[in-house]
Amino acid sequence: MSLKIIDVKESALQIIEGQFHGLYSGTLGVSSIKGGQSAANLALENLDITRYAEQRSEVQPFEKRGATVLSPYIRHNLLTLDQVYRAVKDAPFKDREKFRDELYWQEYSRHLYARLGVRLFENLKFEANRDSEGDGWNRQMNCVDQVITELESDGWLVNQTRMWMASHWTVRNEKGWLYGQDLMYRQLIDGSRAANLLGWQWTVGAGTGKPYGFARWQVEKRSPGTCFKCALKKNCPIQEFPDEISPHQLVKDPLLDNDPDLPRTTGPTTPVINDQAKFVLLTIDSLGDADPALAANPELPVVFIFNEVALAKLQLSSRRIAFYLETLQDLSTRRQLTVYLGDPYTFTKENPVAITFAPVPSFKKFENLAQLYPYPWLRKPYAGSVRSFTSWRQKIDKGSSQ
Ligand SMILES: Cc1cc2nc3c(=O)[nH]c(=O)nc-3n(C[C@H](O)[C@H](O)[C@H](O)COP(=O)(O)OP(=O)(O)OC[C@H]3O[C@@H](n4cnc5c(N)ncnc54)[C@H](O)[C@@H]3O)c2cc1C
């Protein structure tokens with residue numbers, strides 16, 4: 001497959017309309033959350049987590065939301081978890097602890113995905129409906145419609161409504177979670193398989209044995225006024241919580257207890273220099289100026305390749321692609337950058353590149369690397385149990401600095 005140059009001088013929407021035919025789904029649009037290192041830096045500068053602990057789950061009105069909306073930047077390492085962790089060192093104790101706990105959830109998802117790989121697409125510890133086809137979101141309900149409208153038009157949701165939608169899809173409406181997570185993944189501009197799969201597995205009970213129930217109660221508490229405007233307010237399908245169930249426990253997966261190949265999970269811990277590099281190749285897992293391969297090679301030209309085959313299959317939303325384009329446009333003001341549509345794996349076979357390790361299954365397709373740089377973990381993976389967040393957290397957090 002040949003490489004096609006994408007000229008990033010046009011607007012993101014013009015580029016998508018002109019050059020991404022058949023490679024995205026839904027209507028054309030951009031998110032209100034701007035892509036790029038400059039936007040990420042500004043968001044970090046303005047970060048104020050006072051009252052985060054109390055307000056992080058608020059949905060409506062927008063002014064009451066305590067969520068920071070940093071996730072698109074964190075997901076693509078425009079802001080590293082370590083950077084964000086340190087940025088809140090002077091915040092009020094309760095808010096700082098709660099916020100850092102959530103950063104750890106992000107790190108936990110990365111550790112899980114790095115170790116388990118595509119196994120994370122299967123029920124992890126308990127049986128849950130994974131495979132039934134069909135749409136689990138009835139949009140006659142105002143609460144569901146509002147959330148899905150926000151997802152489709154802005155590509156982002158607070159954690160609370162992500163849980164509502166995952167629960168409604170599978171716990172209440174008995175549709176396979178794999179399809180629901182795919183739909184969400186396509187639209188979220190922070191979409192990561194690690195966090196999205198973890199979020200779905202934990203909400204529907206596959207990760208915990210305790211499915212999260214979604215009912216009118218949460219909507220009235222977190223989004224007052226929504227039910228009042230609902231056509232089904234007198235006939236609410238979620239008036240009561242779904243019946244509690246005790247899902248069947250699956251045979252224990254030894255990978256959850258022990259990592260037989262920790263170096264493979266972690267990637268290199270120091271740079272591996274095999275040859276001189278001619279380019280820095282960026283991947284979506286590390287798009288920031290502090291990307292280790294980029295920072296170590298300040299003089300080298302930079303390349304980013306939209307994976308054409310993957311895009312055709314994934315059908316991401318145009319908002320997500322626009323976020324990448326905005327990020328690349330911003331980078332092109334500081335570095336010599338060429339953006340292509342094509343096959344990034346062939347490029348590394350044919351060109352000596354410097355690249356940063358990414359803890360995702362597809363990274364192993366990059367071969368013949370001239371230079372490989374370590375992934376910016378918040379905490380290095382360990383070989384012990386990742387069965388529960390709490391025990392993982394206790395082990396991993398030892399020795400962390402405040
Ligand atoms: C069904 C479902 C799907 C999800 N899909 C994704 C996804 O694709 N990508 C993604 O980054 N997060 C995902 N999450 C986690 C979480 O909802 C988002 O990270 C969070 O809502 C982002 O908003 P924020 O930046 O304002 O978070 P804040 O509340 O301000 O938290 C700060 C940061 O902590 C991390 N974080 C917060 N909550 C969680 C969590 N529950 N799990 C993991 N990390 C967390 C994120 O990096 C976030 O940016 C999902 C959660 C659920 C329940």
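For the single chain, residues carry numbers from 1 onward in sequence order.
- Without hydrogens or angle criteria, Asp330 side chain to Ala39 main chain gives no donor-acceptor distance under 3.5 Å.
- In this pair, Phe357 and Phe363 present their aromatic rings perpendicular. The plane angle is above 60°, beyond the 30 to 60° band.
- Between Phe389 and Tyr104, the distance from one ring center to the other does not fall under 6.0 angstrom.
- Figure legend: cation-pi geometry between Arg320 and Tyr185, with NZ or CZ positioned under 6.0 Å from the six-membered ring centre and within 45° of its axis.
- From Lys364, atom NZ reaches atom CD of Glu367 across 11.0 Å, with rounding to the nearest 0.5 Å.
- Within the model, atoms CG of Leu250 and CG of Leu124 stand 8.5 Å from one another, a figure rounded to the nearest 0.5 Å.
- Under a 3.5 Å cut-off, the side chain of Thr203 and the backbone N or O of Trp200 do not form any donor-acceptor pair.
- Counted by atom type alone, Thr170 and Asn129 present zero donor-acceptor pairs between their side chains at under 3.5 Å.
- Here the CD atom belonging to Gln37 is positioned 10.5 Å from the CG atom belonging to Asp291, to the nearest 0.5 angstrom.
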For Phe214 and Phe241, run ring pair (Phe, Tyr, Trp, His ring centres under 6.0 Å): C-alpha distance rounded to whole Å, both residues' side-chain angles, the deciding distance at 0.1 Å, then the answer.
CA-CA 6 Å; Phe214 169 50; Phe241 277 92; 8.7 Å; no

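- Residues Asp82 and Thr80 have side chains that never bring a donor and an acceptor to within less than 3.5 angstrom of each other.
- A ring-centre distance under 6.0 Å is not found for Tyr382 and His111.
- By the 30° and 60° cut-offs, the orientation of the rings of Tyr52 relative to Phe99 is perpendicular.
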Any chance you could lay out the side-chain contact (heavy atoms from CB on, under 4.5 Å) test for Asn138 and Met141, step after step, and finish with the verdict?
CA-CA 6 Å; Asn138 31 333; Met141 292 161 65; 3.3 Å; yes

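- Considering CG of Leu120 and CG of Leu197, their distance stands at 4.5 Å, rounded to 0.5 Å.
- Side-chain N/O atoms of Asn196 and Gln181 include a donor and acceptor closer than 3.5 Å.
- Ionic pairing of Asp289 and Arg334 is present here: one or more N-O contacts between side-chain nitrogen and carboxylate oxygen are shorter than 4.0 angstrom.
- The aromatic rings of Trp105 and Trp202 sit perpendicular to each other, their planes meeting at more than 60°, with 30° as the lower class boundary.
- With no hydrogens or angles considered, no side-chain donor-acceptor pair links Asn41 and Glu45 at under 3.5 Å.
- Remark: the backbone N or O of Ser32 is not paired with any side-chain donor or acceptor of Arg319 at under 3.5 angstrom.
- Remark: the Asp190 side chain and the Ser71 side chain contain an N/O donor-acceptor pair separated by less than 3.5 Å.
- The side-chain heavy atoms of Phe323 and Pro72, taken from C-beta on, include a pair separated by under 4.5 Å.
- Looking only at atom types and distance, the side chain of Tyr179 has no donor-acceptor partner in the side chain of Asp135 under 3.5 Å away.
- A cation-pi arrangement, defined by a distance under 6.0 Å to the six-membered ring centre and an angle within 45 degrees of its axis, is absent between Lys4 and Tyr340.
- For the pair Gln371 and Asp275, the tightest heavy-atom approach, listed with the atom from each and the gap, is NE2-O, 3.2 Å.
- Salt bridge status for Asp285 with Arg75: present, with a side-chain N to carboxylate O gap under 4.0 Å.
- Of all the heavy atoms in Leu287 and Leu78, the pair that sits closest is O-CD2, 3.5 Å.
- No donor-acceptor pair under 3.5 Å is formed between the side chain of Trp156 and the backbone N or O of Val69.
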Please step through salt bridge (Lys or Arg N to Asp or Glu O under 4.0 Å) for the pair Asp257 and Lys252, ending with a clear verdict.
CA-CA 9 Å; Asp257 290 322; Lys252 286 190 175 171; over 6 Å; no

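- No hydrogens or angles considered: a donor-acceptor pair under 3.5 Å links the side chains of Asn123 and Trp177.
- Rounding to the nearest 0.5 Å gives a distance of 11.5 Å between NZ of Lys229 and CG of Asp145.
- Nearest heavy atom pair, residue Leu282 against residue Leu331, reads CD1-CD2, 3.5 Å.
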Derivation and outcome, side-chain contact (heavy atoms from CB on, under 4.5 Å), residues Arg100 and Lys89:
CA-CA 10 Å; Arg100 285 181 167 174; Lys89 67 177 180 359; 3.8 Å; yes

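- Under the 3.5 Å distance criterion, the side-chain polar atoms of Ser109 are matched with a main-chain donor or acceptor of Gln106.
- Note that CG of Asp253 and CG of Asn258 are 11.0 Å apart. Values are rounded to the nearest 0.5 Å.
- With no hydrogens or angles considered, a side-chain donor-acceptor pair links Gln218 and Tyr212 at under 3.5 Å.
- Considering all non-hydrogen atoms of both residues, Gln146 and Thr226 come closest at OE1-OG1, 3.3 Å.
- By the 4.0 Å N-to-carboxylate-O rule, Arg264 lies too far from Asp259 to be salt-bridged with it.
- In this structure, Asp154 and Ile33 approach most closely via the heavy-atom pair OD1-N, 4.5 Å.
- Using a 4.0 Å cut-off between charged side-chain N and carboxylate O, Arg222 and Glu58 make a salt bridge.
- Using a 4.0 Å cut-off between charged nitrogen and carboxylate oxygen, Glu150 and Arg65 count as a salt-bridge pair.
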Check step by step if side-chain contact (heavy atoms from CB on, under 4.5 Å) holds for Ile355 and Leu372.
CA-CA 5 Å; Ile355 191 169; Leu372 179 60; 3.9 Å; yes

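- When ring centroids are compared, His168 and Trp137 stay outside the 6.0 Å threshold.
- Residues Phe347 and Val303 share a closest heavy-atom pair of CZ-CG2, 4.0 Å.
- Taking the centre and axis of the six-membered ring of Tyr113, the NZ or CZ atom of Arg110 falls outside the cone set by 45° and 6.0 Å.
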Worked check of side-chain contact (heavy atoms from CB on, under 4.5 Å) between Tyr324 and His76
CA-CA 9 Å; Tyr324 298 134; His76 302 102; 3.2 Å; yes

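- Judged by distance alone, with hydrogens and angles left aside, the side-chain atoms of Ser318 form a donor-acceptor pair with the main-chain N or O of Gly29 at under 3.5 Å.
- Here Glu152 pairs with Arg139 in a salt bridge; the nearest charged N to carboxylate O distance falls below 4.0 Å.
- Residues Phe304 and Phe306 bring their aromatic ring centres within 6.0 Å.
- At a cut-off of 3.5 Å, with distance as the only test, no side-chain donor of Arg186 or Gln315 sits close to an acceptor on the other residue.
- A distance-only check finds no donor-acceptor pair linking the side chain of Arg56 to the backbone of Glu102 [under 3.5 Å].
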